[in-house]
Amino acid sequence: MKKFFDEFKAFISRGNVIDMAIGVIVGGAFGKITGSLVSDVITPLLAWIFGSPNTDALNVTLRAADEAAGTEAIVLGFGTFVGAIINFLVIALVLFSVIKAINKAHEMSENMKKKEEEAAAAAEAEDPKPTSEELLTAILEELKKK
């Protein structure tokens, strides 16, 4: 049993598991933000455009509820479906923007590194180091002078 807990401790302590846990927590918070954006900003705008208080009002009732017969209403949830699509599109757009920004930052970092390497190579090209033969020739000339 101790070996099992030691293996579990090693597993849970790995960086990947911790990174994944942080991702899930941030993803949950991100979901709340995008959900609020859709339900509090975009949905009211669409409702205003379509002239209804919310997208749920865009649902189509196929059969009304009949309390006497004990049947429930059958509703085609068109408005709810549209809201889910909008939510998906907003999340996809935001994720696309974040990934695009990360890629741009990575590209800028790579360009800076490349420029530094080019500057270092240019500095070496301007101040060429003597070859071993040139150094030996210079030493030989100094020895001949003495």
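All of these numbers come straight from a predicted model, not from anything done at the bench. Just so you know, residue 1 is the first one in the sequence shown, and it goes up from there.
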About how many Å separate CG of Leu62 and CG of Leu76, when rounded to the nearest 0.5 Å?
-> 5.5 Å
At what distance, to the nearest 0.5 angstrom, does CG of Asn111 lie from NZ of Lys104?
-> 8.0 Å
Spell out, yes or no, whether Val75 and Phe81 are grouped together once hydrophobic residues are joined by side-chain heavy atoms under 4.5 Å, including indirect joins.
-> no
Checking side-chain contact (heavy atoms from CB on, under 4.5 Å) for the pair Lys144/Glu141: CA distance, chi angles, key distance, verdict?
-> CA-CA 5 Å; Lys144 285 181 181 179; Glu141 288 176 10; 5.6 Å; no
Give a yes or no on whether the backbone of Ala105 and the side-chain of Ser109 come within a donor-acceptor separation of less than 3.5 Å.
-> no
Can you hop from Leu140 to Leu135 via hydrophobic side chains spaced under 4.5 Å?
-> no
Check the hydrophobic clustering (I, L, V, M, F, W, Y; side-chain heavy atoms under 4.5 Å; chains of links allowed) and say if Phe88 and Phe96 are grouped together.
-> no
Would a distance-only check, ignoring hydrogens and angles, find a side-chain to backbone donor-acceptor pair under 3.5 Å from Ser97 to Leu93?
-> yes
Please report the closest heavy-atom contact between Arg63 and Glu72, naming both atoms and the distance.
-> NH2-O, 3.3 Å
Within 6.0 Å of CD in Glu110, more than 12 heavy atoms from elsewhere | yes
